[in-house]
J.: 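Starting off with a structure, shown below.
When reading the values below, keep in mind they use all heavy atoms of this one structure, side chains included, and skip hydrogens, waters and symmetry mates. Here, residue 1 is the first one in the sequence, and each next residue gets the next number.
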Amino acid sequence: SLWSGPLRHHYQNKLKLAIIGQSLFGQEVYSNLRKQGHRVVGVFTVPDKDGKADPLAVAAEKDGTPVFKFPRWRVKGKPIPEVVEAYKAVGAELNVMPFCSQFIPMNIINNPKHGSIIYHPSILPLHRGASAINWTLIHGDKKAGFTVFWADDGLDTGPILLQRECAVQPNDTVDTLYNRFLFPEGINAMVESVQLIADGKAPQIPQAEEGASYEGIQKKSNAKVDLAQPAEAIHNWIRGHDKVPGAWTVIDGQSVTLYGSSMLGGKAPDGQTLEIEGASRPGLVTKKGLVLHGTDGKALLVKSLQFEDGKMIPASKYFSSGEGASVELTDNEKRVAEEIRNIWKGILSNVPTINDNTDFFKSGAASMDVVRLVEEVKQKCAGMQLQNEDVYMYTTFQDFIQMFVRKLRGDDQKEELVIDYATKEVNSMTVKMPYQCFINGKFEDAESGKTYDTINPTDGSVICKVSYASVGDVDRAVAAAKEAYEIGPWGKMNPRDRGSLLYKLADLMEEHQEELATIESIDSGAVYTLALKTHVGMSIQTFRYFAGWCDKVQGKTIPINQARPNRNLTFTKKEPLGVCAIVIPWNYPLMMLAWKSAACLAAGNTLVLKPAQVTPLTALKFAELSVNAGIPKGVINILPGSGGMVGQRLSDHPDIRKLGFTGSTPIGKQIMKSCALSNLKKVSLELGGKSPLIIFSDCDMDKAVRMGMSSVYFNKGENCIAAGRLFVEESIHDEFISRVVEEIKKMKIGDPLDRSTDHGPQNHRAHLDKLLEYCDVGVKEGATLVYGGRQVDRPGFFMEPTVFTDVEDHMFIAKEESFGPVMVVSKFKDGDVDGVLQRANDTEYGLASGVFTRDINKAMYVSEQLEAGTVFVNTYNKTDVASPFGGFKQSGFGKDLGEDALMEYLKTKAVTVEY
């Protein structure tokens with residue numbers, strides 16, 4: 001409406017506010033309230049520390065807002081008159097206290113017309129007190145949240161104005177909870193609360209005493225972890241104290257602080273034992289970190305350790321002898337090091353000289369200074385992927401510079417990728433299959449620790465357990481992809497260099513093609529020879545094709561009317577979209593990945609891909625190869641799991657700008673709706689089909705039989721462009737059917753790894769059951785079952801190639817896709833070209849189509865009239881990486897392959913210059 005958005009804010013009721021508090025949170029609340037049109041008449045914050053002003057003070061002073069920095073508000077329990085007088089002089093109508101560490105007297109709290117509101121990071125009355133987030137995690141609460149309440153003379157006991165809550169993820173820390181929910185949503189809630197008060201709509205709901213709790217501030221002295229308890233309790237204690245004050249234990253006679261805890265699903269990796277005081281059994285130092293065991297037999301993983309001298313190391317390096325020899329700096333690196341030295345000087349203003357041995361924390365730096373250091377260095381060196389953790393691990397200036405230079409050179413990327421493989425001796429080789437989520441360049445268990453079985457359709461046996469990704473995993477993967485796109489090397493890489501990496505990835509896929517084809521065969525049921533040629537072979541071709549496009553994406557110069565006497569130049573640029581989501585089906589697991597992700601990456605985007613739940617293994621192997629090819633971390637993320645959870649979250653996620661989907665039409669519609677409602681994501685959809693194949697009497701019969709069978713039975717009918725309905729001219733109908741049945745009887749059904757097998761198992765049990773039901777419906781409706789229609793009597797999910805004739809237009813099998821080895825044949829009258837075209841087009845689908853005839857005029861006429869994205873003439877299934885692929889009508893929109901596919905992952909920017 002006209003009154004929505006920023007214009008509406010101008011006409012809302014507004015208040016004169018006093019902001020009492022501190023920190024970045026206070027700064028953001030202050031800034032957002034001003035944006036909403038409220039007048040901040042005074043900011044009351046803490047004094048400068050070591051010459052540095054609080055972020056709230058910095059923002060307010062920049063805006064010209066009156067700022068008061070009182071060391072205290074009262075002495076010996078009594079308010080300081082001068083402070084009270086200065087406060088009252090600003091004339092505030094409401095006190096807003098986003099985060100305040102000072103004790104504010106009640107005559108200040110109650111002075112404004114509307115009193116005072118406070119933000120508290122718990123769902124009151126639970127966890128009153130100053131360490132609410134910590135205790136939320138320590139107690140293992142399933143929900144976290146915050147409360148905006150009216151201040152009274154109690155400790156967090158005032159009436160509730162507004163509350164918000166969120167789920168606590170299994171591996172949340174104080175930082176992740178705060179950054180994901182408590183910080184951003186808390187800012188919004190404070191602004192909303194002020195407006196409710198201004199509009200006279202703010203409630204005052206008394207707090208219940210039932211369920212109330214109060215916990216004090218946790219100190220280092222009482223943060224020692226009790227290791228003689230269940231693993232989850234140990235995990236909760238560690239993450240509830242991460243980063244401040246830090247849970248600690250005793251190892252080898254000294255206290256060691258534990259950071260980065262996560263529950264460990266499955267079997268603990270191999271490692272070197274480490275005796276830990278009070279533990280029920282020794283810990284294990286592994287490639288992934290320190291494994292601790294609970295009394296319940298479960299385990300957790302600790303990523304980082306900090307010693308008494310402040311030095312922090314990766315837990316995996318406990319037994320290592322250090323970080324290696326110092327690197328010699330180049331002249332340019334020395335110049336950058338001096339710039340960083342100046343950043344240290346600005347933060348550690350109390351230290352006269354920053355020398356190599358200056359310790360960041362021993363010089364008085366606090367956690368807020370860590371954030372400032374990281375952000376200032378990242379601002380100075382665009383593309384540098386620096387984390388708060390790096391500052392804690394490299395505390396002296398010399399160590400910090402050495403770490404920085406290694407990162408600058410990319411040496412930190414060269415660390416060995418740690419993979420827990422599922423291995424199998426199969427097809428005369430050892431196949432090594434990653435089975436965990438792939439997020440930010442690492443394989444790791446799902447946050448929930450949940451797994452599921454992926455099944456070999458040849459015999460129904462379990463291949464291995466695979467991580468079952470959660471919503472939290474999606475959020476982490478999207479965050480990694482966003483960071484990789486916005487500040488990582490991928491977004492700043494020369495297009496030709498990006499192409500080189502994709503070429504290298506294609507080369508590695510080719511080197512591993514037999515292993516990839518074997519994995520594809522056991523996971524999807526694809527016949528090995530077909531998997532080698534098509535599933536894997538075309539995937540390699542696709543990456544090579546799009547690698548060549550990387551440095552050929554061009555805009556245009558456009559002549560426009562000149563703004564005389566000046567002149568204008570208008571040109572367009574093609575730019576990547578950002579973070580893209582890709583959701584692929586189970587029929588061609590690797591090839592569908594390649595068709596979408598190669599174009600996506602060539603355009604310069606980053607991606608989060610969800611493979612089909614039943615066929616995740618080649619996608620995860622691909623992830624391993626992408627690391628070996630040198631693709632930077634975060635660019636590619638792979639999340640096995642359910643469509644209802646992972647796919648839905650990808651559709652809803654506000655940081656994703658494009659979603660490419662191949663699958664069913666109903667799911668495509670749901671995805672499109674979710675993408676529209678969330679943030680109007682760009683969408684491309686390759687959906688269901690019921691592709692018609694018209695065979696005229698003047699065809700090459702041998703070719704028509706051969707290609708007609710291929711159009712239906714290729715890849716056991718699990719083929720999006722499969723001919724869902726064959727129209728055969730009446731005069732050749734019986735001969736065509738007779739020859740097809742004759743050829744079917746020659747087909748060998750069996751183990752897909754047997755090189756002589758023609759027809760393998762259907763992808764999974766549920767699909768086989770659906771196909772058998774489809775055939776039952778066909779028989780019941782009166783179609784003639786000429787051959788097949790039954791499950792093969794052997795282990796696994798095998799179905800006989802099937803032929804139906806006498807299929808009438810109203811029948812279910814004439815209208816709906818089987819997605820299996822079911823040939824559905826209808827006659828049409830000799831010479832009735834327009835009649836058969838009308839029947840062929842009488843469908844809501846329009847993915848592919850085909851025609852067999854020797855008459856070129858007829859072929860061209862029919863190809864023009866068929867309403868489908870692809871028309872095959874005297875051939876079928878002939879796709880190529882350079883030819884666009886996609887459907888019409890309810891078969892979707894957007895293209896895979898060819899230059900058109902590249903455009904799906906680019907946006908056009910117009911630039912006009914006057915000179």
J.: Tell me whether the count of non-hydrogen atoms from other residues, nucleotides or ligands lying under 6.0 Å of NZ in K143 goes above 12.
T.: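 Counting neighbours around NZ of K143, 12 or fewer heavy atoms of other residues, nucleotides or ligands fall under 6.0 Å, so no.
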
J.: Would you compute the distance between atom OG of S467 and atom CD1 of I638 and round it to the nearest 0.5 angstrom?
T.: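 If I round to the nearest 0.5 Å, the distance is 13.0 Å.
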
J.: What verdict does the salt bridge (Lys or Arg N to Asp or Glu O under 4.0 Å) test give for E192 and R164, after you've listed the backbone C-alpha separation in whole Å, the side-chain angles of each residue and the deciding distance to 0.1 Å?
T.: CA-CA 12 Å; E192 181 183 345; R164 297 280 187 272; 2.9 Å; yes

J.: Tell me every residue that passes salt bridge (charged side-chain N to carboxylate O under 4.0 Å, His left out) with D652, counting only those two or more places apart in sequence or in another chain.
T.: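 Salt bridge (charged side-chain N to carboxylate O under 4.0 Å, His left out) check on D652 returns nothing, list empty.
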
J.: How close do G441 and V627 get, heavy atom to heavy atom, and via which atoms?
T.: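 G441 and V627 have their closest heavy atoms at O-CG2, 4.4 Å.
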
J.: Between R476 and E444 (salt bridge meaning N to carboxylate O under 4.0 Å), is one present in this structure?
T.: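 A salt bridge links R476 with E444.
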
J.: CG of L300 to CG of N236: how many Å apart, nearest 0.5 Å?
T.: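 So the gap between those two atoms works out to 10.0 Å.
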
J.: Going through the distances and angles, do D141 and L137 end up as a side-chain contact (heavy atoms from CB on, under 4.5 Å)?
T.: CA-CA 6 Å; D141 294 354; L137 295 173; over 6 Å; no

J.: Would D270 and K287 pass as an ion pair if we require N to O under 4.0 Å?
T.: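 No salt bridge links D270 with K287.
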
J.: Are D473 and I439 packed together at the side-chain level, in the sense that at least one heavy-atom pair is separated by less than 4.5 angstrom?
T.: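 Yes, close enough: below the 4.5 Å cut-off.
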
J.: My understanding is that only residues two or more places apart in sequence, or in another chain, count here; which of them pass ring-ring contact (aromatic ring centres under 6.0 Å, His included) with W73?
T.: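 For W73, the residues satisfying ring-ring contact (aromatic ring centres under 6.0 Å, His included) (neighbours in sequence not counted) are F44, F70.
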
J.: Taking the ring of F99 and the ring of F25, is the distance between their centroids below 6.0 Å?
T.: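 Centroid distance F25-F99: not below 6.0 Å, so no.
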
J.: Please tell me whether T147 and H120 have a donor and an acceptor in their side chains that are separated by less than 3.5 angstrom.
T.: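 There is no such pair between these side chains.
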
J.: Please determine if K224 and E277 form a salt bridge, counting it only when a charged side-chain N lies under 4.0 Å from a carboxylate O.
T.: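 Judged by the 4.0 Å cut-off on N to carboxylate O distance, K224 and E277 do form a salt bridge.
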
J.: Are the side chains of H653 and S651 in contact, using a 4.5 Å heavy-atom criterion?
T.: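 In short, these two side chains do not touch, never coming nearer than 4.5 Å.
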
J.: Between N171 and S262, is any side-chain donor less than 3.5 angstrom from a side-chain acceptor?
T.: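 Distance-only check fails for N171 and S262.
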
J.: Can you confirm whether or not the ring centre of H139 sits under 6.0 Å from the ring centre of H127?
T.: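 Between H139 and H127, the centre distance is under 6.0 Å.
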
J.: For the CD atom of Q648 and the NZ atom of K610, what is their distance to the nearest 0.5 Å?
T.: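 It comes to 12.0 Å.
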
J.: Run the side-chain contact (heavy atoms from CB on, under 4.5 Å) check on Q195 and V191 step by step: do they pass?
T.: CA-CA 6 Å; Q195 194 58 54; V191 174; 5.9 Å; no

J.: Fit a plane to each ring of F307 and Y318, take the angle between them on a 0 to 90° scale, and name the class: parallel (under 30°), tilted (30 to 60°) or perpendicular (over 60°).
T.: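 The rings of F307 and Y318 sit tilted, inter-plane angle from 30° to 60°.
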
J.: Rounded to the nearest 0.5 Å, how far does CG of L639 lie from OH of Y468?
T.: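 One finds 12.5 Å between OH of Y468 and CG of L639.
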
J.: Using 0.5 Å steps for rounding, measure from the NE2 atom of H241 to the CH2 atom of W248.
T.: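 Going from NE2 on H241 over to CH2 on W248, the span is 11.0 Å.
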
J.: Run the side-chain contact (heavy atoms from CB on, under 4.5 Å) test on V96 and Y30 for me, step by step, so that the C-alpha distance in whole Å, both residues' side-chain angles and the decisive distance to 0.1 Å come before the verdict.
T.: CA-CA 9 Å; V96 179; Y30 159 81; over 6 Å; no

J.: I want to know whether Y435 and F443 have ring centres closer than 6.0 Å.
T.: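 That pair fails the under 6.0 Å test.
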
J.: Between K288 and D420, is the salt bridge (Lys or Arg N to Asp or Glu O under 4.0 Å) condition met? List the steps.
T.: CA-CA 10 Å; K288 289 190 169 186; D420 290 338; 3.5 Å; yes

J.: Do D54 and S23 get their side chains close enough for a donor-acceptor pair, meaning under 3.5 Å?
T.: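 D54 vs S23: no donor-acceptor pair found between side chains.
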
J.: Would you say CG of D252 has more than 12 non-hydrogen atoms from neighbouring residues, nucleotides or ligands within 6.0 angstrom?
T.: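 No - once you tally the heavy atoms of other residues, nucleotides and ligands closer than 6.0 Å, there are 12 at most.
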
J.: To the nearest 0.5 Å, what is the distance between CD on Q306 and OG1 on T257?
T.: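 It comes to 5.5 Å.
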
J.: So for atom CD, which belongs to E376, do other residues, nucleotides or ligands contribute more than 12 heavy atoms lying within a distance under 6.0 Å?
T.: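 More than 12 within 6.0 Å, yes.
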
J.: Between the side chains of R128 and Q207, is a donor N or O closer than 3.5 angstrom to an acceptor N or O?
T.: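 Per modelled atom types, R128 and Q207 side chains form a pair under 3.5 Å.
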
J.: Pick one: which of Y394, W344, F400 meets side-chain contact (heavy atoms from CB on, under 4.5 Å) with F360?
T.: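 Passing option: W344.
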
J.: Taking all atoms of both residues into account, what is the closest heavy-atom pair of Q27 and A59, and its distance?
T.: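 For Q27 versus A59, the nearest heavy atoms are CG-CB, 3.7 Å.
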
J.: Is atom CZ of R281 surrounded by more than 12 heavy atoms (other residues, nucleotides or ligands) closer than 6.0 Å?
T.: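 Incorrect, the count does not exceed 12.
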
J.: Give the C-alpha distance, both sets of side-chain angles, the deciding distance and a yes or no for side chain to side chain donor-acceptor pair (under 3.5 Å) between Q613 and Y452.
T.: CA-CA 9 Å; Q613 184 172 344; Y452 68 95; 5.6 Å; no

J.: Is there a donor in the side chain of Q436 and an acceptor in the side chain of D445, or the other way round, less than 3.5 Å apart?
T.: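 Side-chain D/A pair, Q436 to D445: present.
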
J.: Got V256 and V250 here, is their nearest side-chain heavy-atom distance under 4.5 Å?
T.: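 The answer is no, as the side chains (C-beta and beyond) never meet within the 4.5 Å cut-off.
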
J.: Apply side-chain contact (heavy atoms from CB on, under 4.5 Å) to L292 and L258, showing your working.
T.: CA-CA 11 Å; L292 300 176; L258 313 171; 4.2 Å; yes

J.: Can a side-chain donor-acceptor contact be found between D359 and T395 if the only test is distance below 3.5 angstrom?
T.: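 The answer is yes; a qualifying pair exists.
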
